[in-house]
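Notes for the one structure printed next.
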Protein chains: 2
Amino acid sequence: MRNRLKDVAERAGVSVKTVSNVVNGYAHVRPETRARVEEALAELNYRPNLSARSLRSGRTGVIALAVPELDIPYFAELARHVVDAAATHDWTVLIDQTGGVPERERVVADGVRGQLIDGLIFSPLALTGAELARRADPRPMVLLGERDDHGPLDHVAVDNVAAAREITTHLIASGRRRIAAIGAQRATSGASASMRLTGYKQALAAEGIRFDPRRVASAANWHRADGATAMARLLESGVRPDAVFCFNDTLALGAMRALHEHGLRVPDDVAVAGFDDIEDGRFSVPTLTTVVPDKAEIARLAVELLAKRLATGSDGAPAELTAGYRVDLRESA
Amino acid sequence: MRNRLKDVAERAGVSVKTVSNVVNGYAHVRPETRARVEEALAELNYRPNLSARSLRSGRTGVIALAVPELDIPYFAELARHVVDAAATHDWTVLIDQTGGVPERERVVADGVRGQLIDGLIFSPLALTGAELARRADPRPMVLLGERDDHGPLDHVAVDNVAAAREITTHLIASGRRRIAAIGAQRATSGASASMRLTGYKQALAAEGIRFDPRRVASAANWHRADGATAMARLLESGVRPDAVFCFNDTLALGAMRALHEHGLRVPDDVAVAGFDDIEDGRFSVPTLTTVVPDKAEIARLAVELLAKRLATGSDGAPAELTAGYRVDLRESA
DNA sequence: CAGACTTTCTACAACGTTGTAAAGATGGTC
DNA sequence: GACCATCTTTACAACGTTGTAGAAAGTCTG
């Protein structure tokens, strides 16, 4: 049942190379020969051996996508877009989960996958661009997500500062003045966090609202539980926000739960805004106003960067591409 | 930078095969030789070429996991467990998303991945076991999820009937009598649906409550929107349920949203129970009472079935394994 | 210390594929 | 009909790895 070119060749009465030529659509094959070969191909249900092809060609047709966790909805959705974008190049995507753990991230960047993959699309959480740049693996890598320091590496992100500014401005425009923020992190660990915080501050400044550090709650992780505890901390600390900008949707959903537990209504008492547009936010109670990054564009740009590196043999200055976003106003703010 | 055994061998002054022996931990290598080779290995940062290994061995060390969609939380969580279980065999997992589309499912079963994979763990939505059994690909395949008809194929599932019965019984025990169900499907398309419906009916019967078909709402898909519309349909049809068993958590979250919109409180007015234990349900308002399948066990059993097939060359009668579950009582019921 | 056995290392071949080069067939031109 | 160009097909080698078989050197047994 495991059929090789050789078996097909014998059945069709031609050489192995002729079968190979037919399989690969080489033009100069006599029509009758082609027909005979195709018949044999079908009868034997021939499938090319990809290992042999890869060995011969030096390409596997597989790229890796490394993300912190697939059960973070943002990354699950992103993964699907990457798979779709890769399919246009006939590439298979292998997904690696790093857990955001530095050690695992380093191992992935250094090429755990060995010669299994042609390139890597990487959304790191713990490692900086500079750390990643001095990796041992020569295969091309594209970084996803905003980094202040992305080293000499190709890179795709949305303009986080602008997006955060825009959604904060919306909160102000709808009459809120005591706007809290949830999700800040130590500068070293989270570029997303610091950029979103910057956008938030810029919006306040532009509208002449004084920035109050007591209204900013940090969150080491960005899961629901973190959002809930951060919100609770804010409420119990005595700052009485009338709105909160959460640095991602998951935090926002957690924050809404905490607000609910404190007997506060959303958006009546406190408006809530998020970031990422995960599916849950479209069905939460109330639905979540959020920044919608163009995930399909992010995926497409990343795959195309990789394709360019693979085509040109990795040289050329690092590219830094920006994908689009929009703010979707729903019920929560 | 791309180093082969040959380069290492030259550097260490030994034959290619000796390097291979060191890399593979062959015992009979003189310690000094081993040390010299290991030094060369490190200096050149040798990585084995997996394509060549696969070609030689006939094994790729990659298994595929085919699921409907990764942004369905249940499958994202399951995927992580499968990756972990596969890691114990040093296998890499390649995830395929079928979208639940029959054509895509057929293509996956017939081996799109060609010779890239050693085996397949498949959670089909559209195709029956019998349809899947007559596939063209000879590689071992393990089915996940309950099927009434799973053909002559290895298969891992939890006892859906028992689990549905148990959680419905809990609803009854807590005093509910007008218990609705959301998620029924035409018998042909959804074995999960029909088994959960069966468990629901059994629980009613055991407690002497007459089954009322008007209290059962169907849902072609099991997304939030489907749960919300199904719940709304029930409420507007005049049946006044005091509880609802949703055939998965996502439906339940959608149903809770619809209840909220109709001004009904959960669990005070209507208790809600789900199935799957997705992370969202642990943070929803209120948190969701649900059936918790042992996803780690499902993954482990599936991977081990695959390992057994690969070791024994695919013969032996199809196995049918059952993984555990428990009912987690939270706020919603 | 002969013989048998073990340890250490190596050459070779094969896994299935495709690029190269070249041979043979066909067709066209003068 | 000789020549050249193009079409069609083929043999061969190579991609990097590892199993097999065997050579050479070392160790043990009686």
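Predicted model, so just to flag it, every value in this text is computed and none were measured. So you know, we letter chains A, B, ... as the sequences are listed, proteins then strands, and number each from 1.
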- Return the set of residues passing side-chain contact (heavy atoms from CB on, under 4.5 Å) with B/N21 (not counting sequence neighbours), or none when no residue passes. B/K17, B/Y26, B/V29
- Would you mind listing every salt bridge (Lys or Arg N to Asp or Glu O under 4.0 Å) that reaches into residues 89-100 of chain B, with sequence neighbours excluded? B/D96-B/R113
- Item | Span of DNA chain C, from the first to the last nucleotide whose atoms fall under 4.0 Å of chain A heavy atoms | C/dG16 to C/dT20
- Which ones in residues 28-40 of chain B lie close to DNA chain C, meaning a heavy atom under 4.0 Å from one of its atoms? B/H28, B/V29, B/R30, B/T33
- Query: Taking only residues two or more places apart in sequence or in another chain, which ones pass side-chain contact (heavy atoms from CB on, under 4.5 Å) with B/A323?
  - Reply: B/V158, B/E297, B/I298, B/L301
- Query: Partners of A/R30 by salt bridge (charged side-chain N to carboxylate O under 4.0 Å, His left out), sequence neighbours excluded?
  - Reply: A/E32
Please tabulate the protein-to-nucleotide N/O contacts below 3.5 Å involving nucleotides 21-28 of chain D, giving atom names and distances.
none

- Query: How do B/Y26 and A/R4 order along DNA chain C: which one's closest nucleotide is nearer the 5' end?
  - Reply: B/Y26
- Message: Show, in sequence, the C-alpha distance, side-chain angles and deciding distance for A/R36 and A/E39, and conclude whether the salt bridge (charged side-chain N to carboxylate O under 4.0 Å, His left out) test is met.
- Response: CA-CA 5 Å; A/R36 207 142 33 88; A/E39 194 180 343; over 6 Å; no
- Task: Would you mind reading off the bend of the helix from C/dC1-D/dG30 to C/dC30-D/dG1 from its two end axes, five pairs each, to 10 degrees?
- Result: 40°
- Item | Partner set under salt bridge (charged side-chain N to carboxylate O under 4.0 Å, His left out) for A/E279, not counting sequence neighbours | none
- Qualifying ring pair (Phe, Tyr, Trp, His ring centres under 6.0 Å) pairs with a residue from residues 48-99 of chain A, counting only residues at least two apart or across chains: A/H89-A/W91
- Message: With ring pair (Phe, Tyr, Trp, His ring centres under 6.0 Å) as the rule and sequence neighbours excluded, what pairs involving residues 31-63 of chain A come up?
- Response: none
- Message: Let me spell it out: for each of B/A27 and B/L55, pick the nucleotide of DNA chain C with the closest heavy atom. Which residue's pick is nearer the 5' end?
- Response: B/A27
- Which residue pairs satisfy the salt bridge (Lys or Arg N to Asp or Glu O under 4.0 Å) criterion with at least one member in residues 57-74 of chain B, sequence neighbours excluded? A/R80-B/E69, A/R80-B/D71
